[in-house]
Novice: 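Starting off with a structure, shown below.
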Amino acid sequence: MEPEIFSERTDLAELNRAVEQIRENLGRIIVGQKNTVDFLIAGLLADGHVLLEGVPGVAKTLSAKLVAKSIDASFSRIQFTPDLMPSDVLGTSVFDPRSSSFEYRKGPVFGNIILVDEINRAPAKTQSALFEVMEERQVTVDGHTYLMEEPFMVLATQNPIEQEGTYRLPEAQLDRFLFKIEVKYPTFEEEILMLQNQHQQNLSAEISEVKAVLSTEQIKACRKLVKALHVEPKLVEYAVKITQETRNNKALYLGASPRASLALINSAKAIAGIQGRDFVTPEDIIKVSVPVLAHRIMLTPDKEMEGLTAADIVLQIIQKIEVPR
């Protein structure tokens, strides 16, 4: 006999159809990168922003563009550079001589899907222009507040290797990203398949043929479905134990904030929905732990000298805490 809490199942047919359509769009052009694709979709469904980190040439920007093209919504791309100013992102007030008044002209951040390419190339002054809009979905300029249209999502890319002409992202901004996804090199077989596809197809024509498969209204409906998925109290406690442990771990100088606990639950719901379940399992929380937590914590200098990474510590914490069943 089914537990009472599952007496009314959530119909995920529309959600599953949406996920498969986006996967199909990306799969026509992107070879491999299954985890990247799933986390991008999860970020969209969980109403979160995503940071893609990887060396040049691993299709970070292309993946973000294809996700944006899969949605019938406004799309803006902002190329961050060292000389970019906050007004180049948010917009500026321009004097109109006809009305003898200033008129606010919106910047490229006003859209549904915003691709910020090489986000770590702009100085802190410009990066801070994204603080308010990423967290509160609004922009305040000259004392006036402008609300963003839903859905609103920032997809940012950065290169972790190159240091010249780059600026480290502030912790406050990193904390506003739901996921930080490490985009890896393709496997030997995937790279061969990629070259074969490039040889047989016109990539530019393939990209231009990618059609929107979801409207903004459908995205809103899918987000409501994800938000309504069931999470047992013991799983909420499990998520909090993980974030609490990051604050007490001797290998960490900075632990994760309460925003990380919320991110664990919200993203676990999205992963469950993508897999066709209307309830969250401990495995969902474990799956999202590294992309949710690794960019929100800081190692102590001695642990960095030992060659450990934030992801290593997150995995150690997960192994340490008993998984609820």
Side-chain angles (χ1 to χ4, degrees), residues 1-23 34-50 67 71 135 137 150-153 175-181 213-246 256-294 296 314-315 317-325:
M1 182 176 177
E2 259 188 345
E4 187 180 344
I5 55 172
F6 293 126
S7 58
E8 292 185 12
R9 310 297 295 200
T10 303
D11 184 4
L12 298 177
E14 182 181 355
L15 176 64
N16 294 337
R17 188 161 52 246
V19 169
E20 286 309 313
Q21 287 175 319
I22 296 176
R23 276 179 177 159
K34 183 181 180 301
N35 271 343
T36 300
V37 171
D38 280 354
F39 283 128
L40 280 170
I41 297 172
L44 179 65
L45 296 176
D47 192 15
H49 310 296
V50 177
V67 169
I71 300 163
E135 178 63 19
R137 308 300 199 271
E150 191 183 352
F152 176 75
M153 181 183 190
D175 201 37
R176 282 162 166 77
F177 283 102
L178 179 72
F179 293 136
K180 179 182 174 185
I181 305 172
V213 295
L214 286 173
S215 67
T216 54
E217 291 304 316
Q218 287 174 308
I219 289 294
K220 291 178 188 177
C222 288
R223 284 181 172 181
K224 285 183 179 177
L225 285 174
V226 166
K227 195 169 183 64
L229 298 189
H230 178 73
V231 184
E232 290 188 20
K234 62 183 179 181
L235 293 183
V236 174
E237 291 180 11
Y238 180 55
V240 172
K241 283 180 182 178
I242 293 173
T243 52
Q244 286 278 343
E245 180 58 30
T246 66
S257 70
R259 188 186 281 146
S261 299
L262 290 169
L264 280 174
I265 295 299
N266 291 337
S267 54
K269 285 183 182 179
I271 291 295
I274 286 173
Q275 296 178 355
R277 284 183 280 102
D278 61 354
F279 59 93
V280 172
T281 66
E283 287 71 26
D284 296 325
I285 295 175
I286 292 170
K287 182 179 177 69
V288 301
S289 290
V290 170
V292 165
L293 296 174
R296 302 174 192 265
V314 173
L315 292 174
I317 289 172
I318 290 170
Q319 291 172 356
K320 177 180 177 182
I321 298 174
E322 184 181 355
V323 178
R325 294 296 176 190

Novice: Working to the nearest 0.5 Å, report the span between CD of Glu20 and CG of Leu15.
Specialist: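 Reported value, rounded in 0.5 Å steps: 10.5 Å.
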Novice: Ignoring hydrogens, what is the shortest heavy-atom contact between Ala256 and Leu293? Give both atom names and the distance.
Specialist: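 Residues Ala256 and Leu293, closest heavy atoms: CB-CD2, 3.8 Å.
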Novice: Please, which pairs that meet salt bridge (charged side-chain N to carboxylate O under 4.0 Å, His left out) have at least one residue in residues 258-271, sequence neighbours excluded?
Specialist: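 Sorted result for residues 258-271: Glu135-Arg259, Asp175-Arg259.
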Novice: In Å and rounded to the nearest 0.5 Å, what is the CG to CG distance from Asp47 to Asn266?
Specialist: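 It is 8.5 Å, given to the nearest 0.5 Å.
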Novice: Sequence neighbours left out, what passes side chain to side chain donor-acceptor pair (under 3.5 Å) with Thr243? Give chain and number order.
Specialist: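 Once residues adjacent in sequence are excluded, the partners of Thr243 under the side chain to side chain donor-acceptor pair (under 3.5 Å) criterion are Ser261.
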Novice: Please enumerate all residues that pass side-chain contact (heavy atoms from CB on, under 4.5 Å) together with Val37, with sequence neighbours excluded.
Specialist: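 Testing Val37 for side-chain contact (heavy atoms from CB on, under 4.5 Å), a comparison that skips the adjacent residues, returns Arg23, Leu26, Ile41.
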Novice: What residues, two or more places apart in sequence or in another chain, satisfy side-chain contact (heavy atoms from CB on, under 4.5 Å) together with Leu315?
Specialist: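 Residues passing side-chain contact (heavy atoms from CB on, under 4.5 Å) with Leu315: Val290.
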Novice: Partners of Gln244 by side chain to side chain donor-acceptor pair (under 3.5 Å), sequence neighbours excluded?
Specialist: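 If we apply the side chain to side chain donor-acceptor pair (under 3.5 Å) test to Gln244, skipping adjacent residues, there are no hits.
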Novice: Looking at every non-hydrogen atom in both residues, tell me the closest pair between Leu45 and Ala270 and how far apart they are.
Specialist: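 Residues Leu45 and Ala270, closest heavy atoms: CB-CB, 4.3 Å.
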Novice: Partners of Lys234 by salt bridge (charged side-chain N to carboxylate O under 4.0 Å, His left out), sequence neighbours excluded?
Specialist: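 Glu232.
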Novice: Return the set of residues passing side-chain contact (heavy atoms from CB on, under 4.5 Å) with Ala272 (not counting sequence neighbours), or none when no residue passes.
Specialist: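 Ala272 satisfies side-chain contact (heavy atoms from CB on, under 4.5 Å) with Leu229, Arg277, Val280, Asp284 once adjacent residues are dropped.
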Novice: Show the nearest heavy-atom pair for residues Ser289 and Ile242, with the distance to one decimal.
Specialist: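 For Ser289 versus Ile242, the nearest heavy atoms are OG-CD1, 4.2 Å.
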Novice: Residues two or more places apart in sequence or in another chain: which of them pass salt bridge (charged side-chain N to carboxylate O under 4.0 Å, His left out) with Glu237?
Specialist: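 By the salt bridge (charged side-chain N to carboxylate O under 4.0 Å, His left out) rule, Glu237 matches no residue at all.
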Novice: To the nearest 0.5 Å, tell me how far Thr246 OG1 sits from Ile317 CD1.
Specialist: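 It comes to 5.5 Å.
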Novice: For Met153 and Leu40, which heavy atoms make the closest approach, and how far apart are they?
Specialist: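 So the minimum-distance heavy-atom pair works out to CE-O, 3.9 Å.
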Novice: Once salt bridge (charged side-chain N to carboxylate O under 4.0 Å, His left out) is applied, do any residues pair with Lys220, and if so which ones, sequence neighbours excluded?
Specialist: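 Scan of Lys220 (salt bridge (charged side-chain N to carboxylate O under 4.0 Å, His left out), adjacent residues dropped) gives Glu217.
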Novice: Specify the closest pair of heavy atoms between Asn16 and Gly276, including all atoms of both residues, with the distance to one decimal.
Specialist: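 Taking Asn16 first and Gly276 second, the nearest heavy atoms are OD1-CA, 3.7 Å.
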Novice: With sequence neighbours excluded, what pairs up with Asn35 under the side-chain contact (heavy atoms from CB on, under 4.5 Å) test?
Specialist: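 By the side-chain contact (heavy atoms from CB on, under 4.5 Å) rule, Asn35 matches Phe39, Lys287.
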Novice: Can you name the nearest heavy-atom pair linking Gly43 to Leu178, along with the distance?
Specialist: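 In this case the closest contact between Gly43 and Leu178 is CA-CD2, 3.9 Å.
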Novice: Only counting residues at least two apart or in another chain, list the ones meeting salt bridge (charged side-chain N to carboxylate O under 4.0 Å, His left out) with Lys227.
Specialist: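 Residues passing salt bridge (charged side-chain N to carboxylate O under 4.0 Å, His left out) with Lys227: none at all.
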Novice: Using the ring-ring contact (aromatic ring centres under 6.0 Å, His included) criterion, which residues pair with Phe177? Sequence neighbours excluded.
Specialist: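 Residues passing ring-ring contact (aromatic ring centres under 6.0 Å, His included) with Phe177: none at all.
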Novice: Please round to the nearest 0.5 Å and tell me the distance separating atom CZ of Arg223 and atom CD of Gln218.
Specialist: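 That separation rounds to 13.5 Å.
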Novice: Taking side chain as C-beta onward, heavy atoms only, is Thr281 less than 4.5 Å from Gln275?
Specialist: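 Heavy-atom side-chain distance check fails, nothing below 4.5 Å.
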Novice: Measure the CD1-OH distance between Ile265 and Tyr238 for me, rounded to the nearest 0.5 Å.
Specialist: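 Going from the CD1 atom of Ile265 to the OH atom of Tyr238 covers 11.0 Å.
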Novice: Hey, does Val292 have a side-chain heavy atom less than 4.5 Å from the side chain of Phe179?
Specialist: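 In contact.
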Novice: To the nearest 0.5 Å, tell me how far Ile271 CD1 sits from Ile286 CD1.
Specialist: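 Ile271 CD1 to Ile286 CD1: 13.0 Å, rounded to 0.5 Å.
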